[in-house]
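A short write-up of the structure that comes next.
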Amino acid sequence: MNAAQAIINKLSEYDFVIAIDTSGSMGEPVKRGSSVTRWQSVQESAMAMIRDAQQIDQDGLGLVLFGSKVESFDGVTADKAREVFASHGPRGTTPLAEALDAAFALAGKSDKKDMIIVFTDGVPDDRAAAAQRIIQQANSQANDDDCTVLFIQVGDDAAATAYLKSLDDDLKGANFDIVDVKTVAEADAFASTAELVAAAIAD
């Protein structure tokens, strides 16, 4: 068995949930001077990820959008995701704690392990509440890889970078480290979603 097939086999043990920040700041340029917004950029990255994950997770993915409100969708295919994105745009704040609640609710629907991938560009409305949700999830697990949360930062907001790094490195009271963090550039450097997710599981 080659390395690529071994990764696919590993990831077939997982259900996938993708959570995407649709707050107002997602309408800003993905980097200074760019004509591409963070919302446009995240759609491109998320669609590639959904297409890849769909080949591994045959029954569709969970999808959570969080901004002016938190919305959940299940059994999502690439076509369904495209429809959802077309009817949404950047507005509102960043209710990350509520989005994590929704993502954890979509996870655990089968006996498979869960991989939750969160695209976000800023600091959440309630930093402590979001961190607490992750600690609660980590402490409810029997094994560290039962559920993994991969944060992918969209844009280059320094405060967001520091906050996400704290979730990865400084969560006090969690029995397991279930968080991994990447920038969009780091995520895009992987040849496939499978390789990115496999790296997050290994971290």
Side-chain angles (χ1 to χ4, degrees), residues 16-50 53 60-107 114-137 147 149-168 171 178-185 187-188:
F16 291 85
V17 178
I18 295 179
I20 300 177
D21 186 343
T22 62
S23 61
S25 58
M26 290 291 284
E28 296 175 9
V30 70
K31 56 187 174 186
R32 191 172 298 166
S34 174
S35 61
V36 177
T37 67
R38 295 172 180 176
W39 175 236
Q40 290 167 328
S41 173
V42 80
Q43 286 181 74
E44 191 174 313
S45 296
M47 284 303 303
M49 190 166 280
I50 289 165
L61 291 76
L63 178 64
V64 176
L65 299 185
F66 60 103
S68 55
K69 57 184 175 179
V70 177
E71 294 180 78
S72 298
F73 307 85
D74 204 3
V76 173
T77 61
D79 288 343
K80 172 66 175 174
R82 205 172 286 112
E83 282 177 30
V84 170
F85 292 154
S87 63
H88 291 76
R91 56 186 301 188
T93 57
T94 310
L96 178 60
E98 293 82 355
L100 288 168
D101 280 342
F104 291 139
L106 285 172
D114 294 291
M115 169 60 65
I116 295 171
I117 301 163
V118 183
F119 289 91
T120 187
D121 75 328
V123 174
D125 300 347
D126 189 331
R127 302 180 192 207
Q132 192 58 39
R133 295 301 197 285
I134 294 169
I135 292 168
Q136 288 168 350
Q137 175 61 35
C147 180
V149 184
L150 170 61
F151 286 94
I152 298 178
Q153 184 183 351
V154 185
D156 52 9
D157 182 277
T161 303
Y163 176 73
L164 294 177
K165 185 168 172 29
S166 76
L167 294 181
D168 193 7
L171 273 192
I178 65 169
V179 172
D180 191 30
V181 175
K182 296 279 187 284
T183 63
V184 166
D188 287 347

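All figures in this text were calculated on a predicted structure; none of them were measured in a lab.
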Side chain proximity check, F104 to D114, heavy atoms < 4.5 angstrom: no
Check ion pair R82-D79 (N to O, under 4.0 angstrom): yes
Under 3.5 Å: donor-acceptor pair, side chain of T22, backbone of F66: yes
Closest contact, heavy atoms only, S72 versus V64: OG-CG2, 4.0 Å
Within residues 95-107 or reaching into it, pairs that qualify as salt bridge (charged side-chain N to carboxylate O under 4.0 Å, His left out) - sequence neighbours excluded: D101-R133
Euclidean distance, L63 CG relative to T77 OG1, rounded to 0.5 Å: 10.5 Å
Side chain proximity check, L100 to I134, heavy atoms < 4.5 angstrom: yes
Option from T120, I117, D188 for which side chain to side chain contact (heavy atoms under 4.5 Å, CB included) with I152 holds: I117
Separation between CH2 of W39 and CG of D21, rounded to the nearest 0.5 Å: 9.0 Å
For the student: nearest non-hydrogen atoms of Q153 and A160, plus distance: NE2-CB, 3.7 Å
Heavy-atom pair with the smallest gap, counting every atom of A102 and V70: CB-CG1, 3.9 Å
Heavy-atom pair of closest approach, residues I20 and I18: CG1-CG2, 3.9 Å
Inter-residue atom distance L171.CG - I135.CD1, 0.5 Å rounding: 5.0 Å
Rounded distance (nearest 0.5 Å) linking atom CD of Q43 with atom OG of S45: 10.5 Å
More than 12 heavy atoms from other groups under 6.0 Å of CD on Q136: yes
Smallest separation among heavy atoms of V17 and A107, with atom names: CG2-N, 4.1 Å
Those residues that, when tested against Y163, pass ring-ring contact (aromatic ring centres under 6.0 Å, His included) (two or more places apart): none
Heavy-atom pair with the smallest gap, counting every atom of L150 and V181: CD1-N, 4.4 Å
Any donor-acceptor N/O pair, T94 side chain to L96 backbone, under 3.5 Å: no
Interatomic spacing from OG in S68 to NE2 in H88 - rounded to 0.5 Å: 8.0 Å
Qualifying side-chain hydrogen bond (donor to acceptor under 3.5 Å, both in side chains) pairs with a residue from residues 121-131, counting only residues at least two apart or across chains: S25-D121, R38-D121, T93-D125
side-chain contact (heavy atoms from CB on, under 4.5 Å) assessment of M49 paired with F16: CA-CA 10 Å; M49 190 166 280; F16 291 85; over 6 Å; no
